[in-house]
Amino acid sequence: MEAPKKASEIKAAITLVLGFLTGLWGYSGWAVALFIVSMAADYVTGTWAARARGEWSSAAARQGLWHKLGEIAALLVAALCDIAVEVLLRSAAAPLVGELADGHYLTLLVAIWYTFTELGSIIENAVKLGAPVPEWLKRGLALLRSKTDSGFSP
């Protein structure tokens, strides 16, 4: 098989998989997946930074893992709230509660907020590792987290 045709087949397969996952998860699922990847990258870069500075300890590493577990618990609470809202909207009580947003918006917002937090921490770890990081990137991540924290209100 010639290379251009094989590359097209690989692209088609990737597009198919990503399309399927988007249909299955929606945007909230991708936000959660991005959060998990960011969380893992933060833990790895934090470990590298601590080792590079001779400050690594198993107690600090455990504390970092407990912190990550807390983030996952908070994200699960947001997902449960979204499920509860959806059940409420589909129930007989729906006319009593008025108009509520239909969708998984709490999960999406919490996952994005934690992702920006993790990305900011990765930048801090990069600085500790000696990498130059543009100030606009640091400020931009802080602004994105702040906007997410305020629920995208003006």
Side-chain angles (χ1 to χ4, degrees), residues 10-51 55-129 131 133-154:
I10 291 170
K11 286 187 225 177
I14 290 170
T15 302
L16 178 71
V17 169
L18 293 178
F20 173 76
L21 290 175
T22 301
L24 182 66
W25 294 343
Y27 289 110
S28 293
W30 283 113
V32 170
L34 184 60
F35 162 63
I36 291 169
V37 168
S38 300
M39 186 172 47
D42 176 46
Y43 189 77
V44 168
T45 58
T47 298
W48 290 343
R51 286 203 179 266
E55 299 172 352
W56 188 88
S57 75
S58 59
R62 262 192 316 279
Q63 185 60 36
L65 289 174
W66 284 116
H67 178 82
K68 304 290 184 210
L69 183 62
E71 291 177 348
I72 291 169
L75 186 63
L76 287 174
V77 168
L80 290 173
C81 287
D82 280 335
I83 292 168
V85 166
E86 190 166 329
V87 168
L88 185 63
L89 287 173
R90 309 271 182 260
S91 73
L96 300 174
V97 295
E99 291 294 320
L100 291 174
D102 190 14
H104 302 284
Y105 299 112
L106 290 176
T107 306
L108 182 62
L109 281 173
V110 171
I112 290 172
W113 186 84
Y114 275 129
T115 299
F116 289 144
T117 301
E118 295 294 341
L119 293 174
S121 182
I122 292 167
I123 291 298
E124 290 171 5
N125 294 335
V127 169
K128 289 177 185 175
L129 287 165
V133 176
E135 280 301 315
W136 56 264
L137 180 58
K138 294 179 198 176
R139 287 191 312 270
L141 283 171
L143 178 64
L144 289 168
R145 181 176 180 220
S146 171
K147 286 294 187 184
T148 307
D149 198 25
S150 65
F152 293 103
S153 64

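If you take CD1 on Ile36 and CG on Leu75, they are separated by 7.5 Å, rounding to the nearest 0.5 Å. Note that CG of Asp42 and CD1 of Ile123 are 10.5 Å apart. Values are rounded to the nearest 0.5 Å. How far CH2 of Trp56 is from OG1 of Thr47: 7.5 Å, rounded to the nearest 0.5 Å. To the nearest 0.5 angstrom, Leu69 atom CG is 9.0 Å from Leu65 atom CG. In this structure, the separation between CG on Leu141 and CD on Glu124 is 10.0 Å, given to the nearest 0.5 Å. For the atom pair CD1 (Ile122) and OG1 (Thr115), the distance works out to 9.5 Å, reported to the nearest 0.5 Å.
For the residue pair Glu71 / His67, a side-chain donor-acceptor distance below 3.5 Å is found, with atom types taken as modelled.
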Before giving the answer on side chain to side chain contact (heavy atoms under 4.5 Å, CB included), spell out for Tyr114 and Met39 the whole-Å C-alpha distance, their side-chain angles and the decisive distance to 0.1 Å.
CA-CA 8 Å; Tyr114 275 129; Met39 186 172 47; over 6 Å; no
Using side chain to side chain contact (heavy atoms under 4.5 Å, CB included), reason through Thr45 and Trp48 one step at a time and then give a plain yes or no.
CA-CA 5 Å; Thr45 58; Trp48 290 343; 4.3 Å; yes
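The shortest distance between side-chain heavy atoms of Glu118 and Val37 does not fall below 4.5 Å.
The backbone N or O of Leu106 sits less than 3.5 Å from a side-chain atom of Asp82, completing a donor-acceptor pair.
Comment: Lys128 does not engage Glu55 in a salt bridge, judged by the lack of any side-chain N to carboxylate O separation of less than 4.0 angstrom.
Residue Trp30 qualifies as enclosed at atom CH2: its count of foreign heavy atoms under 6.0 Å is above 12.
Screening Leu108, Val110, Ile112 for a side chain to side chain contact (heavy atoms under 4.5 Å, CB included) with Ser28, the sole residue that qualifies is Leu108.
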